[in-house]
Structures are given as structure tokens and as C-alpha cells.
Amino acid sequence: MVLKFYAPQFVGGGIAIVALALAEKQAAFEFVPINMAVKEHKTAEYMAMNPFGQVPAINDDGFAMYESRAICRYLDERFADQGATLVPKAMKERAVVEQAISVESMTFSPPLSKVVGELVVKVRRGLTPDQALADEGLKEISDKLDVYEVILAKHNYLAGDNFTLADLVHYAYAPMLAEKGVDIMTVKERPNVARWWNELMSRPTWVKLKAEGMKSTV
Amino acid sequence: MVLKFYASPFPVAGGGIVALALAEKQAAFDFVPIDLKTKEQKTAEYMALNPFGKVPAINDDGFVMYESRAICRYVDEKFAGQGTTLVPKGTKERALVEQAVSVESMTLFPPLDKVVWEVVVKPERGLAPDQAIVGKGLKEISDTLDVYEGILGKHRYLAGDDFTLADLVHCGYLPFLVEKGVDIMTAKERPNVARWWNELMSRPTWVKLQAEGMKSTV
């Protein structure tokens, strides 16, 4: 039975990460839309796959999983012989990728969530953003990007010269900032970050995903 | 040259996680204490190891890494033939471990970090905890533990019947709460979580680490 991918039709967050990984791995899958407006992600049926009641989830012929970053690692192994290699096989190369993934999860994502919460989510709900909180988040992100600037002077991507899961996890939230006119990823004071970000935003799998959304391949 | 392990000399947080992993793997290492009080982690010398200026870091005969969870994965592979297997080899078993590791990073850690800041860090600096933040954080942690209760009703540890990295990462920050008299891990409403937590806290490697602190094995 073909792999099922459960998520709302929304290219953002963990959903975007898994959708992009599926594209990178040229994986066959059936997209099963989850209607969050009617809390379908909180039904007993869905929560049998993800007891935390969050999206996305996958079911690979009876093997159910959640947590987008974990799903991506699984997909990379499951479809090891095709598409992009998201996590290298060699021990030290893999360790550097895991290090960069951890930076995104533990250091980059928290302030980014704060900013997206204010400037995207609140606005979408017709609430007034707390600009002070957003600015605080933007300052933290900027401080981290100053370190990315140094890292990206040494190689094309975050963990070396090839695109890996470490770069892919950054598609979750940062693209939403540009849509809101926040240009933190492309400021000229950080030319290496800007170069890297522009490469990510023009990657063909991403461009296609943004244009077409999630679609079953079968 | 033996692996060098740089951290604050208290077996807590990210340094505690790596120290426990090194003990589980029976790894030989040289412990190099970093003095956070004098901000040694922000010196140019240390930041050559970790440009984000945080502890811990390792230097394995010239191979430098940071991010505790990534270091643990590397240590598990490097010392693959000895000690506890922290991340299983089988694709699906490994995916379930990564899923549980991700829950700790993305769901448990953010509110836990906020609560630890209020109840541990602020009092050390003579500041009063913000009880509203503490209350909100503890509620979020409790909601997550309600789901753990279900998971731990099915198997002994978070990702199956064996202790893995998924359980190990929980030893970094939750003990802070326990030390401050917050009994959230042993609440009787969650007997499976209490059983699991008591097993973690009585694990011999943990007990020894807490009793003796970080010590070079060489």
C-alpha cells in the first residue's frame, strides 16, 4: 500500500518540511488532507496515528509516524536509492548535518515561532501583533544568522557543499517572513546567508511545491 | 588523541546529556571544564569550537562538534561496539526513537526551558519568578506528559522496551524541576510516567554521574 501523507493543504511548518522531503526523494505517496477547521487532527482516528494531535503524520503501509524531522530521516532511509541524499551515510558528515539540524530546532526555531506567531498567525486571525515581541524575536534570529554568515562562508550549505536535511528544515517558517515583507534572510550585511537563502527559495522542488501545493503522486 | 569534552562542570542541561551518553557508551574522554560564571563560553578560544558560544562541545582528535543531541548520536556511532545502543540500527526502530527525540526538542523543551528560567535561573540572580509563566509552562508540560502516559502504557521506554537516546535526552532539564520540589514527573495520576521517571532517575549511570560529576576517564 502506498505511503499516505496526512496534513492540511498548507505549505508551511512541519507540513512543508515533509512535503519537500517527499519531493526530494521522488517518493510515491497519497496525500490525505486533514481539515483542521473541523478539528479533524483531534479525532480518535487521527490521534491513533499521532497521540499529540498534531500534523503532519505518515502511514507507510501500516507503519505510522509523526514529527516532521523524524519523518524526513525515515523517508531518506526508506527511499535511500533515489532522489537527493538528505542525511549522508558517513559518520562525520552525518554528525555535522545533525549538528546543524539541532541548531535549527533548538536555537533558530523558537524565536522564529515567536515572530511568526505575531506577524503571521495573529494577523491572519484579525488580531493586533505585539511589535515589541516580534522585534525581540527578530533580534534573536539576526544574532543566529550572524553565526550562519560565518558558517556559510566556508561551504555552500549549512553542513557542507551539498543540500541536506539541515537546509531543508529551514523551509518551515522563514519563508513566511519574506511574504510579510520582513527581509531578514536577505539583508546585504549578510551576503552568504542571502546567497544561501536565495538558493533555497529558487530550488526547483520548493518552487513546484509552492506553486502546486501537496498532491498525491498516485 | 582522546576525545575532549567541554562543558560546565555540573551534570545538567546539554552537558549533562552528553556526560550521560559518554557514560552509557563507556567512552574514554578528557573533561575540560568551562566556567560559565566568567563567560568562558564566549571567549574567542571556545568560540573556535562552537561559534554559537554555548556549551557543550567535543573535540574528537580534531573533529569538533557542538549541540548535545547531535553529539550523542555521534558518540553512539563512534563507540558502536560498546555500552548501550542509544539509537537502534533497524530503520523503523530508529525512526521511532527519532520521533520521540523530536517530541522532547520541539514540544517538551520549549515550555520546560521557560519554567527552568523562572524557577532556577532567576532566583540565582536575585529575581522573582513570574508565576504566570511558570503556571502556563507547567500546564503545557503536564499536557505533554498526559500523552507520554499513553505511550508508556504500551512499552517500558519512550520508543520501545529498551532505553534509548529518546529517554536519555529527558535527563537534561526535567531534573531541575524535581530539585525545586515540582513533582510533575511522579504525579500519581500518571503511574506509567512515574514508573518510567523513577527508572531513569535510578539508572546506575545517572546515579553515578550525579554523585561524582563530570570526570575525565583518562
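First the proteins, then the strands, lettered A, B, ... as listed; each starts at 1. Source: prediction; values computed, not measured. Just so you know, these numbers use all the heavy atoms, side chains as well, and skip hydrogens, waters and symmetry mates.
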Less than 3.5 Å apart, any donor N or O on the side chain of B:D60 or B:Y74 sitting next to an acceptor on the other? yes
Pick one of side chain, backbone, both or neither for [X], based on which atoms fall under 4.5 Å of a heavy atom in chain B.
{"X": "A:Y66", "answer": "both"}
{"X": "A:P51", "answer": "both"}
{"X": "A:V150", "answer": "neither"}
{"X": "A:S109", "answer": "side chain"}
{"X": "A:I101", "answer": "neither"}

So for [X], is it side chain, backbone, both, or neither that comes closer than 4.5 Å to the heavy atoms of chain A?
{"X": "B:P110", "answer": "neither"}
{"X": "B:V97", "answer": "neither"}
{"X": "B:I151", "answer": "side chain"}
{"X": "B:T144", "answer": "both"}
{"X": "B:F63", "answer": "side chain"}
{"X": "B:M106", "answer": "side chain"}
{"X": "B:K78", "answer": "both"}
{"X": "B:F109", "answer": "side chain"}

Quick check for you: among A:Q99, A:K92, A:R78, which has the greatest number of heavy-atom pairs under 4.5 Å with chain B? A:Q99
Looking at A:M65, A:M47, A:M91, which has the largest count of heavy-atom pairs under 4.5 Å with chain B? A:M91
Closer than 3.5 angstrom, by distance alone: can the side chain of [X] be matched with the main-chain N or O of [Y] as a donor-acceptor pair?
{"X": "A:T85", "Y": "A:P88", "value": "no"}
{"X": "A:N192", "Y": "A:E149", "value": "yes"}
{"X": "B:E118", "Y": "B:I133", "value": "no"}
{"X": "A:K25", "Y": "A:Q82", "value": "yes"}
{"X": "A:S216", "Y": "A:F31", "value": "yes"}

Any salt bridge between B:R156 and B:D161, counting N to O under 4.0 Å? no
Does the distance from a Lys or Arg side-chain N to an Asp or Glu carboxylate O, for B:K114 and B:E140, drop under 4.0 Å? no
Determine, using ring centers only, whether A:H170 and A:Y148 are less than 6.0 Å apart. yes
Going through the checks in order, is the side chain to side chain donor-acceptor pair (under 3.5 Å) test met by A:Y74 and B:Q99? CA-CA 10 Å; A:Y74 172 72; B:Q99 173 180 276; over 6 Å; no
In terms of heavy-atom pairs under 4.5 Å, which option from B:R69, B:K92, B:M65 contacts chain A the most? B:K92
